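Comments concern the structure below.
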Amino acid sequence: MPWNLIPKTLNADQPAPHLADYAAARATFSWADARAELAGLPDGGLNIAFEAVDRWVATGQGNSVALRWLGKKGERRDFSYAELARLSNQFANSLERLGIRPGDRVCVLAGRIPELYITALGTLKAGAVFCPLFSAFGPEPVRVRLANSRARVLVTTSLLYQRKVQALRPVLPDLASVLLTDSDNDEPGLHAFHALLDAESDHRPLPCTQPEDWALLHFTSGTTGAPKGAIHVHEAVVAHRWTGRMALDLRPGDIYWCTADPGWVTGVSYGIIAPLTNGATLVVDEAEFDVRRWYAILEQERVNVWYTAPTAIRMLMKAGPEPARGLDLRALRFMASVGEPLNPEGVVWAVETLGQPFHDTWWQTETGAIMIANYRSQDIRPGSMGRPLPGIDAAIVQRRPDGSVDFPMPGEEGELALRVGWPSMFRAYLDDEPRYQQCFAGDWYLTGDLATCDADGYFWFVGRNDDVIKTAGHLIGPFEVENVLLEHPAVAEVGMIGKPDEFAGQIVKVFVSLKPGYAPGDTLRKELIGFARTRLGPAVAPRELEFIDDLPKTRSGKIMRRLLRARELGLPLGDLSTLEGES
Ligand code: 6R9
């Protein structure tokens, strides 16, 4: 099969794609029209959770399945839209009883359990801000995010509480209430989630949020400083729903599976909001990746639309064709991928093994929703992220020293930029307006990704223009990792890089120089990796650690991770005289 083009696979027995004619859709689209398709609230109000669940109850579809939960131990539980509406009402009422006011932050630290989804929806109904924390984070990333969000409420499990939060309570004065999903005991500051909800009415007046009220807080990493808290508002739901329709081809009644964890943006925008606002049934698998389990879910649940990530695709490829043999995937209409570059091999492999290609999509925490995609109605250029959605203007730009931007010739590399004005654009970095402003040049939001655009308008990912890395689809910043290692008495300096990895895309690798009196060796290496793992958690901690006498630095003392990367890859180190002069 030629790798330069994968023809679209449209079966006659499947419904026609929502986005049939790309050029026409771009020409006629307006965000106002997309907005008009939502139910909305009196007096111009808008609420993500109302659009996700209550509107379906109001139009008589309350009995259809909103959430199908598959537990680790083989449990299976369906929640109808009406049930989710009632449970999220009870949660919102509980928040009010706990004194939570609109704008207060409610965090969740949990695996993919039903309570997480109830928390997300109930928080939004109460007008509070939902902030998910990845359950595989260690105590340090949890502390930083709870502290910086000034969370008032945390929903978690007893085990995660004991391991990661309990000891932090004295340094988290804002955290008034912790709700445990699996406990019956109430003590000051610690509540039993279910008992609390059971004591509340499952009715509520309509939410009173306005479109620009804060709704979601997602922490994301940059090269320097603490993680940035990207704020999204209720208006974002316009983009969640629209992109779910156009890029993922979602429709009411679909069985839809998004494999992303809600600890990250994909697991919220497309693991909760997009499917529910499109009236689909959301499949949630509590278990971790497992080849046979995943194929069984696709087949047995008769998944129609599947949204996953390149790391998982590479793991499926590694398992070979045998586990996929004989699978009945006739229900599967559309497969898409996000989060890391999707290798052309993965697209071709999927056609050969699963009978249809993966469609790459590109977006970020800051964009809130898919911006660039390969569409069901279009042939695929494997390796390309696709073309901008109707309503999205993307361009390749080069920053000028004065802060403005240039538009290079077609095909030339530059930074991927998006014209401001789409509904799910982040509205702030929490408490960091200067950093927010740095992301913009005039009308353009600068993404920090390097890319090219070909003559037909397809975008091709090149890399990032900072030192943040993606490992198994998770965005990791060097600051958090290096900072923790610097707390160890033996460590003088640390530099983190992403080391290419066949499956995870990249793994976290650190270079460490030691303080006088410490000698490199295997025991110390293991100790340092263990030290980092205990504090950061397995998802963030370095997998490899190399001792080095001196870390390359600029004259102003900044560690040059670029040189560490070049050294790791055996690449030429470039013109050191200019690099040394960087500040
Ligand atoms: C949704 C999400 C964003 C960064 C982004 C880019 C990388 C995302 C990609 C991709 C190549 C794709 N990225 N999609 N790289 N091809 N299709 O992943 O958000 O965690 O904020 O990460 O991920 O570097 O800037 P987030």
Side-chain angles (χ1 to χ4, degrees), residues 132-134 137 141 216-223 227-232 236 239-240 243-244 247-248 258-274 307-314 335-344 346-347 357-375 380-389 392 394 415-418 424-426 429 439 445-453 458-477 480 498 500 504-506 539-540:
L133 309 179
F134 187 40
F137 278 151
L216 305 166
L217 168 58
H218 286 290
F219 282 98
T220 183
S221 298
T223 299
K228 306 171 282 188
I231 300 279
H232 290 283
H240 294 141
T243 55
L248 301 180
C258 169
T259 62
D261 190 276
W264 303 89
V265 72
T266 306
V268 173
S269 291
Y270 295 95
I272 305 178
I273 304 170
Y307 198 23
T308 189
T311 294
I313 296 167
R314 289 187 291 262
M335 314 200 304
S337 162
V338 66
E340 317 155 58
L342 173 62
N343 327 44
V347 181
F358 283 105
H359 297 74
D360 197 10
T361 65
W362 177 96
W363 59 291
Q364 325 176 287
T365 301
E366 286 84 347
T367 71
I370 300 171
M371 299 282 106
I372 295 178
N374 288 277
Y375 305 94
I380 295 176
R381 299 187 180 186
S384 161
M385 306 189 289
R387 293 187 285 177
L389 264 95
I392 301 299
E415 187 168 353
L416 176 59
L418 303 163
S424 62
M425 189 179 86
F426 69 136
Y429 282 135
C439 297
Y445 161 66
L446 307 173
T447 66
D449 276 6
L450 303 174
T452 60
C453 180
Y458 285 78
F459 284 81
W460 302 76
F461 183 77
V462 173
R464 292 185 59 99
N465 73 351
D466 61 14
D467 291 329
V468 171
I469 72 151
K470 272 273 169 119
T471 176
H474 304 143
L475 199 71
I476 312 280
E480 277 196 297
Q506 293 176 301
V540 185

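Everything quoted here is computed from the prediction, not taken from an experiment. For ligands, and for the atoms within them, numbers begin at 1 and follow the listed sequence.
In this structure, the side chains of Leu475 and Arg464 come closer than 4.5 Å at one or more pairs of heavy atoms.
Here the closest non-hydrogen pair linking Gly368 and His232 is CA-CE1, 3.5 Å. Residues Ile313 and Gly346 share a closest heavy-atom pair of CG2-CA, 4.3 Å. Across all their heavy atoms, Ile273 and Leu216 have their closest contact at CD1-CD1, 4.0 Å.
In the candidate list Trp363, Tyr270, Trp362, Trp363 is nearest to atom 1 (C) of ligand 1, counting heavy atoms. Across Thr365, Leu475, Leu450, heavy-atom proximity to atom 21 (O) of ligand 1 is greatest for Thr365. Taking only non-hydrogen atoms, the option from Gln364, Met385, Lys470 nearest to atom 25 (O) of ligand 1 is Gln364.
Residues Thr220 and Glu366 have side chains that never bring a donor and an acceptor to within less than 3.5 angstrom of each other. Between the side chains of Tyr307 and Thr361, at least one donor-acceptor pair of N or O atoms lies under 3.5 Å. If you check the side chains of Thr243 and Tyr270, you find a donor sitting under 3.5 Å from an acceptor.
Listed by number with element, the atoms of ligand 1 under 4.0 Å from a non-hydrogen atom of Gly339 are 7 (C), 8 (C), 9 (C), 10 (C), 13 (N), 14 (N), 18 (O), 23 (O). The contact set between ligand 1 and Thr266, taken as ligand atoms under 4.0 Å from a residue heavy atom, comprises 1 (C). In the vicinity of Pro341, heavy-atom distances shorter than 4.0 Å reach the ligand 1 atoms 11 (C), 15 (N), 16 (N). Near Thr361, meaning under 4.0 Å from any of its heavy atoms, are these atoms of ligand 1: 12 (C), 14 (N), 17 (N). Counting the atoms of ligand 1 from 1 in the order shown, those under 4.0 Å from a heavy atom of Arg464 are 4 (C), 5 (C), 24 (O), 25 (O). Of all the atoms in ligand 1, the ones that sit under 4.0 Å from a non-hydrogen atom of Val265 are 1 (C), 19 (O).
When only non-hydrogen protein atoms are considered, atom 6 (C) of ligand 1 lies nearest to Asp449 OD2, 2.9 Å. Among all protein heavy atoms, the one lying closest to atom 12 (C) of ligand 1 is Glu340 O, 3.4 Å.
Using a 4.0 Å cutoff on heavy atoms, Asp360 counts as a contact of ligand 1.
Classified by interplanar angle (parallel below 30°, tilted 30° to 60°, perpendicular above 60°), the ring pair Trp264/His474 is parallel.
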